[in-house]
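Just so you know, these numbers use all the heavy atoms, side chains as well, and skip hydrogens, waters and symmetry mates. Chain letters run A, B, ... following the sequence lines, proteins first and then strands; every chain starts at 1.
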There are 2 protein chains.
Amino acid sequence: MELIDALPHNLKNNPEIEKFLNGDFQTKTFKKGELISKQDQYNRNIYFVEQGLIRSFYYENGKEITTKFYIEGNIMANSDTLFQNNPTRYNFEAVEESTVKFCNYAKVEELCSVSLESANFSRFVLGNIITQMTDRISSLQFHTAKEKYLRLIHENPNIILRAPLGMIASYLGISQETLSRIRSEI
Amino acid sequence: MELIDALPHNLKNNPEIEKFLNGDFQTKTFKKGELISKQDQYNRNIYFVEQGLIRSFYYENGKEITTKFYIEGNIMANSDTLFQNNPTRYNFEAVEESTVKFCNYAKVEELCSVSLESANFSRFVLGNIITQMTDRISSLQFHTAKEKYLRLIHENPNIILRAPLGMIASYLGISQETLSRIRSEI
DNA sequence: CGTTAGTTTGAGAGGACTCAAAGTCTGTGG
DNA sequence: CCACAGACTTTGAGTCCTCTCAAACTAACG
């Protein structure tokens, strides 16, 4: 999926945005297992996933905890660095070979400070992210391991097929063994 | 807390925004236990909490599940209606007597479609909401009942003091009894 | 001061965890 | 093209956390 395809109609053929997309974005491909961004750094890039599967994760008690998966068409960034100016707690890792387009968020801010369309598009993107997060919170808040897994199958079957069991388990907040048992009984 | 005080400096004394705040907002006070907004409706208002404590909740298996608390200075809205155009799943209820300022989100959209400052302020607000939600997800994802409670004490002692135990328990995704036991052993 | 809402305590059941070990898959090098 | 190492998944056993149901207790409010 190309970045330009992700834009709503009213933003296509907008010269400001055209210039931005062509001028300020870089493309990079990461091999499976490669780290795209590391914890404890100030990484102000914003990434668009063109191809592949990427996850964010951190370590707790020596274990990796996957916080989110990003597939084709998703936007990815360290929100703790962008919005709070803290070094990020998260690592980004390519679960499969993945191609991303990225630019510094400062460029986005710059564009939004002069382009009303861009600022409003950015608002729209943020709104969508909030919607997704709301669903995720509700899934985590009051559901059993099995319910959470079934919900993920329903909402994002892609991830189930492409990510290893251990990553999915930690994403759901359950142990690997429990997830394996749930799979066998379905 | 007044709405105007919540604005960053660069937005104060902005005539567009001044006009908006004075013209389009209404103020209303709700008694303890009163519903501000009901589920299954298309409520496109956006609320600013001036005083009090409000919660959002829904019913699952006959039980009330509190999804979020809103205190003085918080902004409150049905994101499923605003961003996805679905009837909302949530009820808003005043936990204490509460005063809110509110306006239709269409007015915000209108303002943002002409005012660059407003659009960027809105982006800033959405960014902050995302930050909060990220923390909440991480709290829910992989922590025990006790850890979640201690974290809430740390991050929002206000709520612990002002909301009844049952609401807090469901907010944390644990049973009332478990929370009561955690409290007694601390 | 009684009624209702809210909280605590107890007992028992069950889900999910941990630790451990056995399978299974996958990719690399001989 | 096979064999083996390492990564990943499954299965088992035992434990503990948290749940549910029930009942007693306490606080709040008219």
Side-chain angles (χ1 to χ4, degrees), chain A residues 30-35 52-53 55 57 59-66 69 91 93-97 139-153 157 159-186, chain B residues 30-35 52-55 57 59-66 69 91 93-98 139-153 158-186:
Chain A
F30 294 88
K31 293 204 196 78
K32 179 177 173 173
E34 219 177 328
L35 283 180
L53 176 63
R55 67 166 180 146
F57 71 96
Y59 292 96
E60 186 160 300
N61 306 325
K63 285 187 183 168
E64 293 183 357
I65 300 191
T66 297
F69 292 102
N91 302 283
E93 180 196 57
V95 178
E96 325 170 330
E97 174 161 310
S139 173
L140 288 171
Q141 191 178 0
F142 239 113
H143 295 93
T144 62
K146 192 169 183 177
E147 286 166 342
K148 289 188 277 188
Y149 183 63
L150 292 174
R151 190 152 163 171
L152 181 61
I153 288 179
I159 288 169
I160 310 266
L161 298 171
R162 292 160 65 180
L165 176 143
M167 291 180 192
I168 296 170
S170 85
Y171 175 72
L172 296 175
I174 64 181
S175 72
Q176 304 198 152
E177 295 91 334
T178 296
L179 179 52
S180 173
R181 289 184 177 106
I182 288 168
R183 281 190 169 175
S184 74
E185 75 182 63
I186 289 180
Chain B
F30 295 89
K31 294 204 195 77
K32 179 176 175 176
E34 219 177 328
L35 283 180
L53 175 63
I54 295 166
R55 67 165 180 146
F57 71 97
Y59 291 96
E60 186 160 300
N61 305 326
K63 285 187 183 169
E64 293 183 358
I65 300 190
T66 297
F69 291 103
N91 301 283
E93 181 197 58
V95 178
E96 324 170 330
E97 175 161 309
S98 303
S139 173
L140 289 172
Q141 192 178 359
F142 239 111
H143 295 93
T144 62
K146 193 169 183 175
E147 286 166 341
K148 289 188 277 187
Y149 183 63
L150 291 174
R151 191 152 163 169
L152 182 61
I153 289 179
N158 243 303
I159 288 168
I160 309 268
L161 298 171
R162 292 161 63 182
L165 176 141
M167 290 180 192
I168 296 170
S170 85
Y171 175 72
L172 295 174
I174 64 181
S175 71
Q176 303 196 158
E177 296 91 333
T178 296
L179 180 53
S180 174
R181 289 183 178 106
I182 288 168
R183 280 190 169 174
S184 73
E185 76 181 63
I186 289 181

**Study point:** Distance in angstrom units between A:Glu185 CD and C:dG15 P, rounded
**Key:** 9 Å

Check your understanding: For B:Glu93, what residues pass the side chain to side chain donor-acceptor pair (under 3.5 Å) criterion, not counting sequence neighbours?
Key -> B:Arg55

**Study point:** Gap between atoms CG and C1', on B:Leu179 and D:dC19 respectively (whole Å)
**Key:** 14 Å

**Study point:** Exam field: side chain B:Ser170 to backbone B:Thr66, donor-acceptor pair closer than 3.5 Å
**Key:** yes

Distance-only donor-acceptor pairs under 3.5 Å for side chains of residues 179-186 of chain A, two or more places apart:
{"from": "A:Arg183", "atom 1": "NE", "to": "A:Tyr149", "atom 2": "OH", "distance (Å)": "3.0"}
{"from": "A:Ser184", "atom 1": "OG", "to": "A:Arg181", "atom 2": "O", "distance (Å)": "2.9"}
{"from": "A:Glu185", "atom 1": "OE2", "to": "A:Lys146", "atom 2": "NZ", "distance (Å)": "3.0"}

Practice item. Rounded off to whole Å, could you give me the CD-to-C1' distance for the B:Glu93 and C:dA5 pair? Key: 13 Å

Exercise for review: Check side-chain contact (heavy atoms from CB on, under 4.5 Å) between A:Glu147 and all other residues, then give those that pass, not counting sequence neighbours.
Suggested key: A:His143, A:Thr144

Study note, to complete from the structure: The ring pair (Phe, Tyr, Trp, His ring centres under 6.0 Å) partners of A:Phe57 (sequence neighbours excluded) come to A:Tyr59

Practice item. For A:Arg183 and for B:Gln176, find the nucleotide of DNA chain D with the closest heavy atom, then tell me which residue's nucleotide is more 5'. Key: A:Arg183

Check your understanding: Do B:Glu34 side-chain atoms and B:Ser98 backbone N/O form a donor-acceptor pair below 3.5 Å?
Key -> no

Check your understanding: In degrees, rounded to 10°, what is the bend between the two ends of the helix from C:dC1-D:dG30 to C:dG30-D:dC1, using five pairs at each?
Key -> 40°

Review point. So which nucleotide from D:dT10, C:dT9, C:dC17 ends up closest to the side chain of B:Ser184?
Key: C:dT9

Practice item. Can you tell me the distance, in whole Å, between the OH atom of A:Tyr149 and the P atom of D:dT9? Key: 11 Å

**Study point:** Verdict with supporting geometry, A:Tyr171 and A:Leu152, side chain to side chain contact (heavy atoms under 4.5 Å, CB included)
**Key:** CA-CA 10 Å; A:Tyr171 175 72; A:Leu152 181 61; 3.9 Å; yes

Review point. Just how far, in rounded Å, is P of C:dG15 from NZ of A:Lys148?
Key: 15 Å

Review point. NA contact type, B:Gly33, heavy-atom cut-off 4.0 Å: base, sugar-phosphate, or nothing?
Key: nothing

Check your understanding: Taking CG from B:Leu140 and P from D:dT18, how many angstroms apart are they, rounded to a whole number?
Key -> 14 Å

Exercise for review: Using atom NZ of A:Lys31 as one end and atom P of C:dT28 as the other, report the distance to the nearest whole Å.
Suggested key: 12 Å

Hey, what are the protein-to-nucleotides 20-30 of chain D N/O distances that come in under 3.5 Å?
{"from": "D:dT20", "atom 1": "OP1", "to": "B:Lys63", "atom 2": "NZ", "distance (Å)": "3.4"}
{"from": "D:dC21", "atom 1": "N4", "to": "B:Glu177", "atom 2": "OE2", "distance (Å)": "3.0"}

Review point. Rounded to the nearest 0.5 Å, how far does CD of A:Glu96 lie from CG of A:Leu53?
Key: 5.0 Å

Practice item. Measure the distance from CG on A:Leu172 to P on C:dA16 and round it to the nearest whole Å. Key: 12 Å

Check your understanding: About how many Å separate CD1 of A:Ile160 and CG of A:Leu165, when rounded to the nearest 0.5 Å?
Key -> 9.5 Å

